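As structure tokens, the structure follows; a few thoughts come after it.
Computed from a prediction, not measured in an experiment: that's the story for all the values here.
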Amino acid sequence: MSYQVTWAAAKLNKNEQSKLIEDGLDVFRDLPELVKRPFAEVDKSYYMYFKFAGLTVQKPQEQGNFMMRVKIPGGIINIKQARHLAAIASEYGHDQIDLTTRQAVQYHWIPFAKLPEVFAGINAVGLTTQGAEGDITRNVIDNPLAGIDPNELFDTRPTVRRVHRLFQGNRDYSNLPRKFKISINSNIYNAGNAEINDLAFVPATKKINGRTVKGFNVKVGGGLGMRPYLGLGLDIFVTRSQVPAVAEAAVQLYRDNGYRRSRSKARLKFLIQDWGVAEFETKLREKVPGLATAGASAVIGWSNGTALGIHEQRQAGYYYVGVSIPAGRLQAADFSAFVDLAEKYGRDELRFDHSQNLLIPYIAAADLSAVKAAPILKSFPISHII
């Protein structure tokens with residue numbers, strides 16, 4: 001930890017008092033010893049720390065079962081990862097896997113005693129639960145069609161990966177007032193749901209030194225909950241290379257100035273409402289000098305980040321298949337059937353959109369008939385079929 005805690009003397013809620021003593025990410029250090037004892041011996045004051053490992057204690061709490069989320073930046077996984085996610089559902093999660101609205105997956109009924117082996121398996125395929133819950137930066141979301149989208153300014157996948165790596169496991173940002181949600185998207189139909197994220201990068205263009213640069217405008221302070229607010233625009237244009245620095249500065253401002261007395265007012269949206277966007281922008285510019293003023297917005301509509309049906313990709317001769325998954329819930333066998341389909345006809349990849357649906361990209365035109373005839377698609381609807 002390289003930053004200075006500036007709020008220790010303030011009036012803090014119980015969670016904040018605890019986080020001054022032990023960092024949330026220490027749960028991974030504690031867990032091997034904790035599981036040696038019955039779950040009933042774990043003090044309820046510790047339950048908060050489980051969240052930093054992507055875990056929430058299920059009711060009835062005394063049974064020691066967890067809801068567990070796995071982070072998937074941008075909602076893209078490979079076949080090996082997908083097969084392991086299916087295996088978790090079969091072995092530990094009562095045969096069910098849930099797709100989330102932030103392009104991740106979650107399970108229920110994960111038993112306390114099995115957590116170390118569950119985490120070891122997840123880490124072995126290059127995934128993590130770290131920061132999927134808790135007062136920390138959450139899963140970074142993207143356009144579900146990033147890199148294959150005819151309606152995007154550019155491929156945002158590399159930028160999403162850089163921002164994810166910046167915050168992942170970084171103890172400078174593992175003690176926030178509450179969760180912090182980031183959206184990065186260059187789709188002209190706002191496929192990243194910008195207005196309901198704490199920080200959102202939205203597609204824009206800007207004339208710089210006589211040439212048109214494709215990048216992002218920035219919105220801050222969005223969020224739902226009991227008191228929803230839509231994100232407000234800053235007068236800032238950000239190039240792709242500037243995104244990590246701007247994201248880091250925004251999280252720093254929230255970490256050091258966000259409210260820690262009451263958790264009901266601890267989200268960035270309340271700080272933005274009190275400060276106003278002009279003050280937030282001034283402080284952000286102090287941390288990241290030389291940012292251009294906002295560019296011309298490229299957003300012309302709203303898609304909700306939903307990608308259903310069979311549609312052409314930007315790559316000639318290839319299509320993606322977006323399958324509706326009711327309530328985002330799949331049996332392990334059904335999920336495995338989609339993995340089989342992706343492995344046979346796709347390119348080592350599955351994706352998740354923002355409405356709890358599943359996508360298989362890179363289906364060659366010659367294979368569309370075979371894909372449409374797949375038995376799994378008799379159970380799950382596809383609309384807008386070409």
Examine distances only and state if a side-chain atom of [X] and a backbone atom of [Y] form a donor-acceptor pair shorter than 3.5 Å.
X: Asn123; Y: Phe119; result: yes
X: Arg351; Y: Pro144; result: yes
X: Asp353; Y: Gln356; result: yes
X: Gln96; Y: Gln331; result: no
X: Lys269; Y: Leu224; result: yes
X: Glu33; Y: Asp30; result: no
X: Arg227; Y: Gly223; result: no

Does a donor on one side chain sit under 3.5 Å from an acceptor on the other, for [X] and [Y]?
X: Thr293; Y: Asp235; value: no
X: Arg102; Y: Asn197; value: yes
X: Thr6; Y: Asp256; value: no
X: Gln58; Y: Gln63; value: no
X: Lys51; Y: Thr56; value: yes
X: Tyr320; Y: Glu312; value: no
X: Ser355; Y: Asn304; value: yes
X: Arg69; Y: Tyr107; value: no
X: Asn151; Y: Asn187; value: no
X: Ser45; Y: Asp43; value: yes
X: Ser297; Y: Asn217; value: no
X: Lys206; Y: Thr239; value: no
X: Gln252; Y: Lys287; value: yes
X: Tyr259; Y: Asp274; value: yes
X: Glu195; Y: Asn190; value: yes

Considering only heavy atoms from C-beta outward, does the side chain of [X] approach that of [Y] to under 4.5 Å?
X: Val218; Y: Phe201; result: yes
X: Thr306; Y: Leu308; result: yes
X: Asp142; Y: Ile76; result: no
X: Val251; Y: Thr137; result: yes
X: Thr205; Y: Phe237; result: no
X: His108; Y: Asn65; result: no
X: Tyr319; Y: Val371; result: no
X: Val42; Y: Phe50; result: yes

From [X] [atom1] over to [Y] [atom2], what is the distance, rounded to the nearest 0.5 angstrom?
X: Leu176; Y: Ser174; atom1: CG; atom2: OG; value: 7.5 Å
X: Ile88; Y: Gln106; atom1: CD1; atom2: CD; value: 13.0 Å
X: Gln315; Y: Asp149; atom1: CD; atom2: CG; value: 10.0 Å
X: Ile184; Y: Arg162; atom1: CD1; atom2: CZ; value: 9.0 Å
X: Ile72; Y: Ile141; atom1: CD1; atom2: CD1; value: 13.5 Å
X: Phe280; Y: Ile236; atom1: CZ; atom2: CD1; value: 8.5 Å

Decide yes or no on salt bridge (Lys or Arg N to Asp or Glu O under 4.0 Å) for Glu152 and Arg314, but give the supporting numbers first.
CA-CA 9 Å; Glu152 65 181 354; Arg314 67 188 303 171; 2.8 Å; yes
When you group the ILVMFWY residues by side-chain heavy-atom contacts below 4.5 Å and let the links chain together, are Leu199 and Leu230 in the same group?
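As far as the 4.5 Å side-chain criterion goes, Leu199 and Leu230 are not connected within one cluster.
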Shared ILVMFWY cluster between Val160 and Leu359, side chains joined below 4.5 angstrom?
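No; tracing contacts between hydrophobic side chains, which count when under 4.5 Å, never links both residues.
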For Lys378, does the NZ atom have more than 12 heavy-atom neighbours from other residues, nucleotides or ligands under 6.0 Å away?
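Buried by this count: over 12 neighbours within 6.0 Å.
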Do the side chains of [X] and [Y] get close enough for a salt bridge, i.e. N-O under 4.0 angstrom?
X: Arg29; Y: Glu22; result: yes
X: Arg329; Y: Asp98; result: yes
X: Lys179; Y: Glu133; result: no

For the aromatic rings, using the six-membered ring if either is Trp, is the centroid distance between [X] and [Y] under 6.0 Å?
X: Tyr46; Y: Tyr49; value: yes
X: Phe66; Y: Phe39; value: yes
X: Phe338; Y: Phe380; value: yes

Which atom names give the shortest non-hydrogen contact between [X] and [Y], and what distance separates them?
X: Leu153; Y: Ala298; answer: CD1-CB, 4.0 Å
X: Ala191; Y: His354; answer: O-CD2, 2.9 Å
X: Glu16; Y: Asn175; answer: OE1-OD1, 3.8 Å
X: Ala249; Y: Val288; answer: CB-CG2, 3.7 Å
X: Gly305; Y: Asn193; answer: N-OD1, 4.4 Å
X: Arg171; Y: Tyr3; answer: O-CE2, 3.6 Å

side-chain contact (heavy atoms from CB on, under 4.5 Å) for Arg83 and Ile77? Distances and angles first, verdict last.
CA-CA 10 Å; Arg83 294 226 178 273; Ile77 54 175; over 6 Å; no
As a test of understanding, state which of Arg263, Arg260, Arg267 forms a salt bridge (Lys or Arg N to Asp or Glu O under 4.0 Å) with Asp135.
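That would be Arg263; it is the only one of Arg263, Arg260, Arg267 passing the salt bridge (Lys or Arg N to Asp or Glu O under 4.0 Å) with Asp135.
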Please determine if Arg240 forms a cation-pi arrangement with Phe154, meaning its NZ or CZ atom is less than 6.0 Å from the six-membered ring centre and no more than 45° off the ring axis.
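So Arg240 does make the cation-pi contact.
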Can you see whether Tyr318 has Arg347 sitting over its ring - NZ or CZ less than 6.0 Å from the centre and within 45° of the normal?
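Pair Arg347/Tyr318 counts as cation-pi.
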Passing option when Lys71 is tested against Thr129, Ile122, Asn139 for side-chain contact (heavy atoms from CB on, under 4.5 Å)
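Running side-chain contact (heavy atoms from CB on, under 4.5 Å) over Thr129, Ile122, Asn139 with Lys71 returns exactly one hit, Asn139.
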Set out, in order, the CA-CA distance, both residues' side-chain angles and the distance that settles salt bridge (Lys or Arg N to Asp or Glu O under 4.0 Å) for Arg255 and Glu248, then state yes or no.
CA-CA 10 Å; Arg255 178 196 66 197; Glu248 185 170 25; over 6 Å; no
Take Phe180 and Tyr173, measure what ring-ring contact (aromatic ring centres under 6.0 Å, His included) needs, and give me the verdict at the end.
CA-CA 10 Å; Phe180 193 94; Tyr173 306 109; 9.7 Å; no
